[in-house]
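Computation of the quantities below employed the complete heavy-atom set of this structure, encompassing side-chain atoms and omitting hydrogens, waters and symmetry-equivalent molecules. Per chain, numbering begins at 1; letters A, B, ... match sequence-line order.
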Amino acid sequence: MTAAPYNYSYIFKYIIIGDMGVGKSCLLHQFTEKKFLSDCPHTIGVEFGTRIIEVSGQKIKLQIWDTAGQERFRAVTRSYYRGAAGALMVYDITRRSTYNHLSSWLTDARNLTNPNTVIFLIGNKSDLEGQRDVPYEEAKAFADENGLTFLECSAKTGENVEDSFLETARKIYQNIMDGSLDLNAADTGVQPKQTLSRNSGQTPEKKDCNC
Amino acid sequence: MDNMQESTSSSLLSTELDRMTVSCPPETMAASSSEVEDTATPLPRPISNEHDMSTSGIDCVLDGEVDPVPFERQRPERPGETNSRHGSRSDSLRPSDCSTLMEDPLEEENGGEPPLPTDKFGFFLNGNAKLVPTPIDVDKLRSREKKWIAMLENWRYYMDEKFDTVRNRCRKGIPPSLRGRAWKYLCGATYQMEISQNRFVFDHCMKQPGEDKFVEEIQKDLNRQFPDHEMFARTGKYGESGKEDLFNLLKAWTVLHPEEGYCQGQAPVASVLLMHMPLRDAFYCFVQICHKYLPGYYSPGLENLQIDGDILNQLLKDKSRTTYKHFKKNNVDPVLYMVEWFMCIYCRTLPWPTVLRVWDMFLCEGVKILFKVAIVLLKYGFGTSDQCKRYPDLHSIVTRLRNLPPNIMTEEFIVEKPSFQVSEMSLNDAEMEKLHFRAMKVRQMRFAQK
């Protein structure tokens, strides 16, 4: 169970937010397992996923927090935003109400993360073109207006799922490279390798730790 | 005693949220002898059907209020009772030690489809898993069943005079054949559904359509509850009727409490109840759980759940300092792991045999069981400095909390080992009260600061 060897340069924390039933957990599952899980149990509280990806030759470990979407869970999910480097904001292209709620999700995402957090808008269920309730152009305009990157995805077919997660990481990485994201600041959601604890994996020494 | 009964009887409709930490509302002796044959014939089917309503004689339904009509029948009809399908059982392909649940598939509708093999709890066996019959000490089981039957027949006496006996027997595990019935008694549902004026509430709530908003939310979750259980699966004989019951139960709740509505944490709890009893019984148990055991857990804001998270943190400090310090150092807030544990009464966390044992104790002793289980999991999941070192940061900790080692989640470990039973883990009510008070104060102060 010990953590894998540290063959990656950074850890990025992501958070996935959006209304209930838009497919947040399915997106996560598709991204980490490359499988579509129909009847995916709804999330109560928060679920976690991990995957190592590569951006510009650098290995990056994504730690993804998948949150409960039902309105009343926001009371607890708000505490999960802290220190997220990326926020994937998801709506369902077949249900307009989930799109209409985006501004309130966006408010949370802006208020509860840091200014450098990359917010990515995902219109999920693009495989259900016949039931579309939100035109692509409209969502695109909303995204542009708010400075978000936007893609329509399908957790079912896997279309664009990979790209959304990777594109978010690229943006974060770019922010690090051009210096707009200060790695020394608190709660950036980015951990460079050198600050990672080196203890794990070694034989435990009896030490001061009285815990 | 009469006063107490009156107060419990009105509580279904009132919003009074008196939390129960020790035991349950007193049952009445009236709910006794006529009950004997009622043990386990849950035939999950909705009784929304007009025909059933009229034959059952409880269609004297009310608009908005509890019917003052005196209770005429010996006891109310249960779903399925008036249904002639009882004659046509076919439990042929079920595991022989299947001790739970339904008897009666809707044969005529689902004809030739051979049922998938399930374990004795009704969960499909995945892939190459073979059904391994657990050895049962039949004599012991029979003797326990007899004791339980005797106890259920003198329920009030046992609750008033011999509560320790009831508690100890719940801790040993309720015999599967009596579990559903025992749960109903323990939580006070039997009283509510048979004696109190609330016995009409279910029929009333069933007849209302429910608010669109809630109906939509509930429907979205129907396919997501235990999809590997035969009662809630997409395929198989029982899936549809199970989901229909689940829908009706949750919808009826939202009719009873439109101000609270539906919380996603409620569906798993309702599902577990439906696995053990018919819809109407499950509804009353569910209402008791939401009113008496976990008030405010599912309400918008989840306030009481968060308070209990704070209490858990305090308890952790006393009971497992190592874990507490490690979590504090890494900012592992209780809401990162306890929301699902507590809201679902562990039914999505522990292996099934353990879930049932925990529920047996929970329905007898109340919410403190949730804390005890949490402490055991945390203490043995992160109790040593070696374990702490292996999970050195927030993300590795929360990931491990989702994948705790199976050996600390077995019923032997959680329920039967000294770890759980003995004084080390004792939580008395006074202590709980104190912690609750402190947690409330802290929250108020934090709120005031904001």
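Using bins of under 30°, 30° to 60° and over 60° for the plane-to-plane angle, the ring pair B/His395/A/Phe48 lands in the perpendicular bin.
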May I have the step-by-step check of side-chain contact (heavy atoms from CB on, under 4.5 Å) for A/Gln191 and B/Asp393, ending in yes or no?
CA-CA 11 Å; A/Gln191 279 177 276; B/Asp393 56 49; 5.6 Å; no
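Only the side chain of B/Glu216 comes within contact range of chain A, judged by heavy atoms closer than 4.5 Å. For B/Ser320, no part lies under 4.5 angstrom from a heavy atom of chain A. No part of B/Phe226 comes within reach of chain A, as not one of its non-hydrogen atoms sits under 4.5 angstrom from that chain. Neither the backbone nor the side chain of A/Leu37 comes within contact range of chain B; no heavy atoms are under 4.5 Å apart. Looking at B/Pro405, neither its backbone nor its side chain comes within 4.5 Å of chain A, counting heavy atoms on both sides.
Around the NZ atom of A/Lys156, the shell of radius 6.0 Å holds no more than 12 heavy atoms that belong to other residues, nucleotides or ligands.
Contact count versus chain A (heavy atoms, under 4.5 Å) is highest, among B/Pro227, B/Gly265, B/Cys263, for B/Cys263. Annotation: maximal heavy-atom pairing with chain A below 4.5 Å, among B/Glu303, B/Gln225, B/Arg234, B/Met338, occurs at B/Arg234.
Among the residues in residues 71-91 of chain A, those with a non-hydrogen atom closer than 4.5 angstrom to a non-hydrogen atom of chain B are A/Arg72, A/Phe73, A/Ala75, A/Val76, A/Ser79, A/Tyr80, A/Arg82.
Side-chain N or O atoms of B/Gln264 include none that pairs as donor or acceptor with a backbone N or O of A/Gly69 at under 3.5 Å.
With sequence neighbours excluded, no residue satisfies side-chain hydrogen bond (donor to acceptor under 3.5 Å, both in side chains) with A/Thr67.
The shortest side-chain heavy-atom distance between B/Asn223 and A/Ser38 does not fall under the 4.5 Å cut-off.
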